[in-house]
Visitor: 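Below are the structure tokens for one structure; questions will follow.
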2 protein chains.
Amino acid sequence: MAIDQVDYDLPNSKNLWSMYGLNMSNSLVDKSLVKLSQAGLRLTKQRRAMLEALVIAEKPMSAEEVHAKLYSGTCDLVTVYRSLEQFERVGVVQLGVRENGTKVYCLSHGLDHHHHLTCRICGRTERVDLCMAEELEKVGRSYGFTELSHVMELFGACPECKKEA
Amino acid sequence: MAIDQVDYDLPNSKNLWSMYGLNMSNSLVDKSLVKLSQAGLRLTKQRRAMLEALVIAEKPMSAEEVHAKLYSGTCDLVTVYRSLEQFERVGVVQLGVRENGTKVYCLSHGLDHHHHLTCRICGRTERVDLCMAEELEKVGRSYGFTELSHVMELFGACPECKKEA
DNA sequence: CTCAGTGCAAACCTTTTGCAATAGT
DNA sequence: ACTATTGCAAAAGGTTTGCACTGAG
């Protein structure tokens with residue numbers, strides 16, 4: 001079992017987190033769980049595992065990548081797809097797209113919307129706190145569009161990968 | 001044959017465009033052809049048809065959409081995929097991604113890089129002349145990244161679609 | 001108890017690859 | 001002629017769907 005995998009097959013207990021053997025009142029995860037619950041979604045061990053994986057990773061991951069982080073047998077890949085979709089719908093995660101079209105998800109850090117710089121060779125990811133949401137909203141509204149959303153991803157070759165090549 | 005389809009199976013002639021029955025010294029297409037040629041790519045009737053389709057459409061299209069614009073039998077879908085990839089490599093088209101991960105391509109209007117606002121219901125597209133390329137480059141370089149590129153797409157529901165719903 | 005969520009299998013859609021035939025240059 | 005490009009067929013990759021079963025509220 002890889003060190004960063006998450007094992008949720010532990011005995012039950014009272015509170016939300018101790019049952020997973022995690023000493024974690026991680027505000028990100030807590031907030032996420034609350035949001036899920038408020039949106040009427042059910043809290044399952046599979047979903048908790050996925051959220052946990054997203055917190056640990058701290059970077060956008062595809063459904064397959066999230067699935068790979070889970071302790072083998074935690075849940076089916078299909079469930080990851082379905083849950084991530086739900087998570088996005090209720091604003092718990094933020095959707096992004098890789099250059100090759102793969103969808104990736106990362107936890108919404110509270111209210112703050114952000115973007116990423118990704119190495120297209122090794123996948124290294126850096127957070128980019130730069131966003132033109134307001135300007136884009138303005139343009140969108142000027143055309144009468146509503147329910148605006150945007151995708152912005154920055155790609156490049158990181159110094160390490162460039163060294164090797 | 002739909003009115004906006006492009007038929008290239010016409011008799012040969014001397015110049016680049018008259019052979020297609022098109023009275024077109026369209027600078028966009030001309031520039032594109034020159035770029036292709038300069039990059040060492042070959043000018044085939046399939047590629048000319050694709051470029052033409054892109055000019056007529058004036059909006060980003062997926063490989064399948066480009067293929068659908070071509071007169072039936074002009075070329076195989078696989079060829080469209082391969083050519084668009086080449087076009088992008090030499091800077092003749094610009095790559096974008098839809099919310100669902102589909103790759104889309106649009107002609108690079110000369111040197112100007114731009115983005116799009118797309119209705120996620122009907123596909124209507126508006127050009128967005130707003131870009132933070134410079135700021136993004138700066139961030140990328142600050143992390144030591146090179147060969148930077150970015151994807152930015154704005155999505156929403158257009159007024160017409162909203163009316164119906 | 002009820003319906004949302006899950007697993008499994010299979011379908012689907014988009015994109016990529018292999019190889020022999022074709023056609024620019 | 002030389003080699004990029006094409007078509008066809010097949011595989012690959014990522015995502016979605018159908019259905020019966022399970023489990024959270």
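Note on naming: letters A, B, ... go to the chains in the order of the sequence lines (proteins, then strands), and numbering restarts at 1 for each one.
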Visitor: Hey, does the side chain of A:S83 reach the backbone of A:T79 with a donor-acceptor pair shorter than 3.5 angstrom?
Guide: yes
Visitor: Determine the minimum heavy-atom distance between B:L54 and B:C106, stating which atoms define it.
Guide: CD2-CA, 4.5 Å
Visitor: If you assign each of B:Q46 and B:A63 to its closest nucleotide in DNA chain C, which residue comes earlier from the 5' end?
Guide: B:A63
Visitor: What is the distance, rounded to the nearest whole Å, between atom CE of A:M61 and atom P of D:dT15?
Guide: 14 Å
Visitor: Just to be sure I understand the rule, does B:R82 reach a base, reach only the sugar-phosphate, or reach nothing, if contact means heavy atoms closer than 4.0 Å?
Guide: base
Visitor: Tell me: CG of A:L77 to C1' of D:dT16, nearest whole Å?
Guide: 11 Å
Visitor: Check the interface with nucleotides 23-25 of chain D: list each N/O to N/O pair with the protein under 3.5 Å, or write none.
Guide:
from: D:dG23; atom 1: N2; to: A:R42; atom 2: NH1; distance (Å): 2.6
from: D:dA24; atom 1: N3; to: A:R42; atom 2: NH1; distance (Å): 3.3
from: D:dG25; atom 1: OP1; to: A:L43; atom 2: N; distance (Å): 3.3

Visitor: So, do A:L77 and A:E64 sit near enough that their side-chain heavy atoms are less than 4.5 Å apart?
Guide: yes
Visitor: Would you say the side chains of A:H115 and B:H150 form a donor-acceptor pair under 3.5 Å?
Guide: no
Visitor: Measure across B:P159 and A:G144 and return the closest heavy-atom pair with its distance rounded to 0.1 Å.
Guide: CD-O, 3.3 Å
Visitor: Please work out if B:S62 contacts a base, only the sugar-phosphate, or nothing of the nucleic acid, heavy-atom cut-off 4.0 Å.
Guide: nothing
Visitor: CZ of A:R98 versus C1' of D:dT15: gap in Å, rounded?
Guide: 15 Å
Visitor: Going 5' to 3' along DNA chain C, which are the first and last nucleotides with any atom under 4.0 Å from a heavy atom of chain A?
Guide: C:dC3 to C:dA9
Visitor: Using atom CG of A:D76 as one end and atom C1' of D:dG18 as the other, report the distance to the nearest whole Å.
Guide: 14 Å
Visitor: Considering all heavy atoms of both residues, which atom of A:G140 and which atom of B:L117 are nearest to each other, and what is their separation?
Guide: CA-CD2, 3.8 Å
Visitor: Rounded to whole Å, please give me the gap between CD in B:E85 and C1' in D:dT5.
Guide: 13 Å
Visitor: At their closest point, which heavy atom of A:L28 faces which heavy atom of A:S108, and how far apart are they?
Guide: CD2-O, 4.3 Å
Visitor: Between the two end axes of the helix from C:dC1-D:dG25 to C:dT25-D:dA1, each built from 5 base pairs, what angle do you get to the nearest 10°?
Guide: 50°
Visitor: For a quick test of reading the model, state the closest non-hydrogen atom pair linking A:L70 to A:C75 and the distance between them.
Guide: CD1-SG, 3.9 Å
Visitor: Which atom pair, heavy atoms only, marks the closest approach of A:T102 to A:S62?
Guide: CG2-CB, 3.8 Å
Visitor: List, one per line, each side-chain donor-acceptor pair under 3.5 Å for residues 88-97 of chain B, sequence neighbours excluded.
Guide:
from: B:R89; atom 1: NE; to: B:Q86; atom 2: OE1; distance (Å): 3.0
from: B:R89; atom 1: NH2; to: B:Q86; atom 2: OE1; distance (Å): 3.2
from: B:Q94; atom 1: NE2; to: B:H114; atom 2: O; distance (Å): 2.5

Visitor: Same cluster or not: are B:V78 and B:L84 linked, directly or through other Ile, Leu, Val, Met, Phe, Trp or Tyr residues, by side-chain heavy atoms under 4.5 angstrom apart?
Guide: no
Visitor: So does B:T79 get a side-chain nitrogen or oxygen closer than 4.0 Å to the phosphate oxygens (OP1/OP2) of D:dG7?
Guide: yes
Visitor: Atom pairs under 3.5 Å, N or O on each side, protein against nucleotides 12-14 of chain D: can you list them with distances?
Guide:
from: D:dG14; atom 1: OP2; to: A:E64; atom 2: OE2; distance (Å): 3.0

Visitor: Can you name the salt bridge (charged side-chain N to carboxylate O under 4.0 Å, His left out) partners of A:R120, sequence neighbours left out?
Guide: A:E99
Visitor: Is A:L43 reachable from A:V29 through a run of hydrophobic residues whose side-chain heavy atoms are each under 4.5 Å from the next?
Guide: yes
Visitor: Are A:Y105 and B:F155 connected in the hydrophobic side-chain network, where two residues link if heavy atoms are under 4.5 Å apart?
Guide: no
